[in-house]
Amino acid sequence: MADTPTIDPATFAELQDAAGADFVVELVNTFLEEAPGMLAELRAAQAAGNAEAFRRAAHSLKSNSNTFGATQLGLMARDLELGGLVADTAPVDALEAAYQTAAAALQERTRG
């Protein structure tokens with residue numbers, strides 16, 4: 001997967017074409033503001049053993065990630081969503097690291 005871009009350029013371009021580049025900047029900024037809260041919800045649900053809240057948080061991260069073409073992040077969130085609540089924090093740690101990478105790539109794409 002080393003050759004896979006953090007943000008799929010075709011998906012991101014399609015979003016810009018459909019919504020407009022200026023609006024995409026707003027969407028990205030909103031995602032960057034909200035995603036840390038989604039990650040915190042995921043961790044809190046994991047700690048509390050709340051499988052439904054865990055699934056919902058993973059689903060939200062997956063959907064938002066895929067919107068922007070953050071394919072790897074979306075796949076990782078999907079795996080957590082479908083795999084269900086896990087006691088091991090390593091997958092959530094990996095998801096958070098992937099988010100940091102995707103966030104930096106999105107910020108780079110929206111600088112103008």
Side-chain angles (χ1 to χ4, degrees):
M1 286 239 165
D3 293 343
T4 303
T6 302
I7 305 300
D8 177 60
T11 301
F12 197 82
E14 286 174 21
L15 180 62
Q16 285 182 312
D17 288 346
D22 290 340
F23 188 56
V24 170
V25 170
E26 290 180 42
L27 291 174
V28 166
N29 288 337
T30 299
F31 174 65
L32 297 177
E33 290 171 9
E34 294 177 355
M38 292 178 213
L39 288 163
E41 288 174 27
L42 192 66
R43 288 194 183 279
Q46 185 178 38
N50 185 334
E52 182 57 22
F54 186 85
R55 185 198 63 75
R56 277 194 318 266
H59 175 81
S60 294
L61 279 163
K62 173 195 75 177
S63 298
N64 283 286
S65 300
N66 289 336
T67 295
F68 299 108
T71 310
Q72 183 60 34
L73 181 61
L75 288 172
M76 293 172 75
R78 177 183 173 270
D79 287 347
L80 289 175
E81 176 189 14
L82 297 179
L85 185 64
V86 293
D88 183 8
T89 60
V92 178
D93 294 343
L95 181 71
E96 191 159 2
Y99 164 73
Q100 295 300 329
T101 300
L106 285 168
Q107 288 173 326
E108 183 65 32
R109 283 195 167 273
T110 57
R111 281 192 195 121

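We use all heavy atoms of the structure for the numbers below, so side chains are in, but hydrogens, waters and symmetry mates are not.
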Legend entry - Test side chain to side chain donor-acceptor pair (under 3.5 Å) applied to Asp8 - qualifying residues, sequence neighbours left out: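 Asp8: side chain to side chain donor-acceptor pair (under 3.5 Å) contacts with Thr11.
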
Inset, instruction - Tell me, please, which residues at least two apart from Arg43 pass side chain to side chain donor-acceptor pair (under 3.5 Å). - result: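 Arg43: side chain to side chain donor-acceptor pair (under 3.5 Å) contacts with Asp93, Glu96.
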
Inset, instruction - Find the distance between CG (Leu75) and CG (Leu95) and round it off to the nearest 0.5 Å. - result: 11.0 Å

Inset, instruction - Working to the nearest 0.5 Å, report the span between CD1 of Ile7 and CD of Glu108. - result: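 So the CD1 of Ile7 and the CD of Glu108 are separated by 11.5 Å.
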
Donor-acceptor contacts, no H, no angles, side chain residues 79-87, under 3.5 Å, sequence neighbours left out:
from	atom 1	to	atom 2	distance (Å)
Glu81	OE1	Lys62	NZ	2.8
Glu81	OE2	His59	ND1	2.8

Inset, instruction - For Leu61 and Leu73, run side-chain contact (heavy atoms from CB on, under 4.5 Å): C-alpha distance rounded to whole Å, both residues' side-chain angles, the deciding distance at 0.1 Å, then the answer. - result: CA-CA 8 Å; Leu61 279 163; Leu73 181 61; 5.6 Å; no

Legend entry - Inter- and intrachain pairs under side-chain hydrogen bond (donor to acceptor under 3.5 Å, both in side chains), touching residues 47-56, at least two apart: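 Those involving residues 47-56 are Glu52-Arg55.
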
Side-chain polar contacts of residues 16-38 - donor-acceptor pairs under 3.5 angstrom, sequence neighbours left out - could you list them?
from	atom 1	to	atom 2	distance (Å)
Asn29	ND2	Val25	O	3.3
Thr30	OG1	Glu26	O	3.0

Inset, instruction - Give the minimum heavy-atom separation between Phe54 and Leu42, together with the two atoms involved. - result: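 Minimum heavy-atom contact is O-CD1, 3.3 Å.
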
Legend entry - Side-chain heavy atoms of Ser65 within contact of Gln72, under 4.5 Å: no

Inset, instruction - Look at the side chain of Thr71 and the backbone N and O of Gly69, then say whether any donor-acceptor pair between them is shorter than 3.5 Å. - result: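 Yes.
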
Inset, instruction - Could you tell me whether a side-chain N or O of Gln46 sits under 3.5 Å from a main-chain N or O of Asp88, the two making a donor and an acceptor? - result: yes

